[in-house]
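Data first, discussion second: the structure below is written as structure tokens.
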Amino acid sequence: MKISIVQPDLDWEDKGANMEKLDGLIEPLYGSTDIVVLPEMFSTGFTMNTDVAEEHYGTTFSWMKKHATAGDFGICGSYIVGEKGKFYNRFVFVSPGPDLYYDKRHLFSIGDEDKTYTKGNSRLVFSFREFRIAAFVCYDLRFPVWSRNRDEYDLAIYVSSWPSARIEVWNTLLKARAIENQCYVAGSNRVGTDGNGVAHSGMSQVINPRGEKIRSAESCSDCVVSAEISIEELKNFRSKFNTLKDADDFSVY
């Protein structure tokens with residue numbers, strides 16, 4: 001499977017500008033990749049302004065569906081959804097088949113995200129082509145129990161808006177999640193400075209179950225980074241060095 005991470009410099013709360021920029025990065029991937037991964041709140045930037053929220057099947061969903069159909073791939077990222085008076089930081093996976101979603105579980109209370117959005121209560125693990133995939137959003141990365149793999153998934157995707165000030169935490173935890181869960185990890189991040197003056201330096205990457213970077217994006221630049229991942233290699237690695245079978249038996253989900 002080929003996975004492509006799109007790393008953009010987002011325009012603050014400007015869906016039209018962001019979609020136009022992303023069009024130019026995504027369209028060259030048509031017919032040449034299996035999954036396209038966008039950052040957290042890719043259409044607006046990481047904002048607490050719910051005036052830019054939309055219905056689940058609104059403008060952003062339609063834009064994702066257009067690309068998924070034309071490119072014959074799955075595309076995912078998070079955007080702000082309003083439903084019945086509540087707001088969600090929602091990961092959405094769109095493909096030529098059924099769409100799937102996950103509401104961010106761990107809301108970034110340090111930035112008052114928990115005062116604006118409603119947290120999700122269930123994980124999303126789904127199959128796409130030959131891989132079983134688990135979906136997470138940004139701050140979820142800091143909580144290993146929520147990410148814990150009981151041989152349920154082969155690839156973990158973290159869509160993020162991770163600040164430059166804590167980029168080494170990002171690099172370290174992505175590797176840790178891959179090693180402890182014996183899975184591939186794809187982490188998407190944005191670049192540029194947002195409307196609150198918070199700088200982001202990218203470092204989007206794909207990591208193998210040994211904790212080794214397969215591909216990593218340059219920091220501070222708009223780009224796409226693509227990597228091939230192999231379910232056969234993963235199964236072979238797990239069969240020879242299976243730590244998942246020795247994991248403690250507890251769960252929070």
Side-chain angles (χ1 to χ4, degrees), residues 1-8 22 25-40 42 64-78 91-102 123-137 140-141 147-160 171 173-189 202-217 223-244:
M1 176 182 280
K2 187 175 183 180
I3 187 165
S4 299
I5 302 174
V6 177
Q7 177 175 283
L22 290 167
L25 294 168
I26 293 170
E27 287 171 3
L29 300 172
Y30 283 6
S32 66
T33 195
D34 294 288
I35 296 179
V36 173
V37 185
L38 303 171
E40 179 182 30
F42 64 85
M64 294 175 76
K65 191 69 173 181
K66 175 194 69 175
H67 281 299
T69 301
D72 189 31
F73 49 54
I75 184 169
C76 59
S78 87
F91 173 105
V92 178
F93 182 88
V94 182
S95 72
D99 65 285
L100 303 159
Y101 73 89
Y102 157 74
R123 293 204 316 181
L124 173 63
V125 178
F126 62 97
S127 294
F128 183 71
R129 296 181 181 170
E130 70 267 37
F131 273 80
R132 299 171 300 167
I133 301 169
F136 304 99
V137 180
D140 287 334
L141 181 61
S147 297
R148 186 163 183 250
N149 185 11
R150 294 179 151 190
D151 197 19
E152 299 158 287
Y153 65 83
D154 310 305
L155 166 66
I157 295 177
Y158 293 88
V159 302
S160 303
N171 291 329
L173 293 183
L174 287 173
K175 292 178 68 174
R177 298 295 87 84
I179 293 166
E180 70 196 11
N181 293 306
Q182 292 201 299
C183 67
Y184 289 101
V185 167
S188 65
N189 194 23
M203 296 302 295
S204 300
Q205 54 199 271
V206 181
I207 301 173
N208 70 21
R210 296 179 176 82
E212 302 162 338
K213 290 182 183 179
I214 303 173
R215 291 292 305 277
S216 179
C223 65
V224 176
V225 59
S226 296
E228 294 280 353
I229 58 177
S230 168
I231 194 66
E232 290 78 17
E233 289 183 12
L234 176 60
K235 289 179 177 178
N236 184 54
F237 173 68
R238 286 176 173 172
S239 69
K240 292 180 178 179
F241 194 75
N242 188 353
T243 61
L244 296 179

Is it true that atom OH of Y30 has more than 12 heavy atoms of other residues, nucleotides or ligands lying nearer than 6.0 Å?
yes
Where do L244 and N149 come nearest, in terms of heavy atoms and distance?
CD2-O, 3.6 Å
Could you please spell out the steps behind the side-chain contact (heavy atoms from CB on, under 4.5 Å) verdict for I214 and Y184?
CA-CA 10 Å; I214 303 173; Y184 289 101; 3.8 Å; yes
Is Y158 reaching over with its side chain to a backbone N or O of N189, donor-acceptor style, under 3.5 angstrom?
no
Smallest heavy-atom separation, C76 atom then M64 atom, equals CA-CE, 3.9 Å
Under the rule for side chain to side chain donor-acceptor pair (under 3.5 Å), what residues qualify as partners of S160, not counting sequence neighbours?
none
4.5 Å side-chain heavy-atom contact, P96 and D72
yes
Give the minimum heavy-atom separation between G77 and V159, together with the two atoms involved.
CA-CG1, 4.1 Å
Do F241 and R210 have side chains that approach each other closer than 4.5 Å (heavy atoms only, starting at C-beta)?
no
Test applied, side chain to side chain contact (heavy atoms under 4.5 Å, CB included); reference residue, V37; option that passes from V6, I5, V224
I5
Please round to the nearest 0.5 Å and tell me the distance separating atom CG of N208 and atom OG of S230.
11.0 Å
Would you confirm whether R215, through its side chain, and S226, through its main-chain N or O, come within 3.5 Å as a donor-acceptor pair?
yes
On a heavy-atom basis, the closest approach of D154 and R238 is OD1-NH1, 2.9 Å
Provide the closest heavy-atom pair for K2 versus D34 in the form atom of the first, atom of the second, distance.
N-OD2, 2.8 Å
Given the options L38, I26, V94, L29, H67 meets side chain to side chain contact (heavy atoms under 4.5 Å, CB included) only with I26
I need the M1 CE to E228 CD distance, nearest 0.5 Å.
10.0 Å
Hey, does R129 have a side-chain heavy atom less than 4.5 Å from the side chain of I35?
no
Tell me, please, which residues at least two apart from D140 pass salt bridge (charged side-chain N to carboxylate O under 4.0 Å, His left out).
none
Side-chain heavy atoms of F131 within contact of I231, under 4.5 Å
yes
Do F136 and R123 touch side chain to side chain, with heavy atoms closer than 4.5 Å?
yes
So do M203 and N171 actually touch side chain to side chain, heavy atoms under 4.5 Å?
yes
4.5 Å side-chain heavy-atom contact, Y153 and C183:
yes
Let me confirm one number: the CD-CD distance from Q205 to Q7, rounded to the nearest 0.5 Å.
9.5 Å
Which heavy-atom pair separates K175 from G211 by the least distance, and what is that distance?
CE-O, 3.0 Å
Would the distance check show the side chain of Q182 and the main-chain N or O of T243 forming a donor-acceptor pair, the cut-off being under 3.5 Å?
yes
Donor-acceptor under 3.5 Å (S188 side chain, S204 main chain)
no
